[in-house]
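Step one of this worksheet: look at the structure below.
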Amino acid sequence: MSKVVMSLPKGMVKDVTVGTVVSLGTYVGLQFLWALLIDRGMLGMERLYPMTCAAALLASFLGCGYSVLRGRGTSMLTVPVVVAVFLTLTLAAAFFTADAVRIENGLTGLGLSMAAGGLLAALVGYNLPQ
């Protein structure tokens, strides 16, 4: 075994998996809420992209926050892994459901929102008392 694999904190894979599921669940739930609000006419369609970025930030924050709290500050390595898996699964769903996925369609904003949520969770988790 390589030295990197042997030095991973115990339970990191489980924390990353659950953190990613929390992120995906929150993101999908918020997207359903945004769709309902737009369908009912409470919000205009022009608000969809900013709300989607906000949903990505919040979902990433909650998923990464879970993994940081479960790890009890032993490793911040779970944060970029949760963000990377969350982004990969979101992109995979977009490729399967959309005709074309382009950077011009707001892909950069979503990725940056997810990264910002992970960074915020890492900063908050780092400053928590042990």
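Everything numeric here is computed off the predicted structure, so don't read it as measured data.
- V81 is not connected to L120 by any chain of hydrophobic side-chain contacts under 4.5 Å among Ile, Leu, Val, Met, Phe, Trp and Tyr, and they are in different clusters.
- Connection of L89 to V16 is established within a shared hydrophobic cluster, with ILVMFWY side chains joined at heavy-atom distances below 4.5 Å, either directly or through further cluster members.
- When side chains are defined from C-beta on, T17 does not count as touching K14, because their heavy atoms never get closer than 4.5 Å.
- Note that the CG atom of L37 and the CZ atom of F32 stand 13.5 Å from one another [nearest 0.5 Å].
- To the nearest 0.5 angstrom, M45 atom CE is 10.5 Å from D39 atom CG.
- Two residues are said to be in side-chain contact when any heavy atoms from C-beta on lie closer than 4.5 Å; L107 and L91 meet this criterion.
- The minimum heavy-atom distance linking V83 with G118 is given by the pair CG2-CA, 3.9 Å.
- The two residues L110 and T52 make their nearest non-hydrogen contact at CD2-CG2, 3.5 Å.
- Here the closest heavy-atom approach between residue V79 and residue C64 is recorded as O-SG, 3.7 Å.
- In plain terms, the two heavy atoms of A116 and L57 that are nearest each other are CB-CD1, 3.9 Å.
- Here the CG-CE distance, from L36 to M42, works out to 7.0 Å after rounding to the nearest 0.5 Å.
- Nearest heavy-atom pair across T97 and A93 is OG1-O, 2.8 Å.
- A single hydrophobic cluster is seen to contain both F61 and M51, as judged by linkage of ILVMFWY side chains at heavy-atom distances under 4.5 Å, directly or through other members.
- Using a 4.5 Å cut-off on side-chain heavy atoms (C-beta onward), R70 and T78 make no contact.
- Atom CG of residue L62 and atom OH of residue Y27 lie 14.5 Å apart, to the nearest 0.5 angstrom.
- The closest donor-acceptor contact from the side chain of S60 to the backbone of M114 lies under 3.5 Å.
- I38 and L58 fall within the same hydrophobic cluster, defined by Ile, Leu, Val, Met, Phe, Trp and Tyr side-chain heavy atoms under 4.5 Å apart, directly or through other members.
- Nearest heavy atom pair, residue S67 against residue D15, reads CB-O, 3.8 Å.
- V18 and F86 fall into different hydrophobic clusters, defined by Ile, Leu, Val, Met, Phe, Trp and Tyr side-chain heavy atoms under 4.5 Å apart, directly or through other members.
- A donor-acceptor pair is defined here as one N or O able to donate and one able to accept, closer than 3.5 Å; such a pair exists between the side chain of S23 and the backbone of A59.
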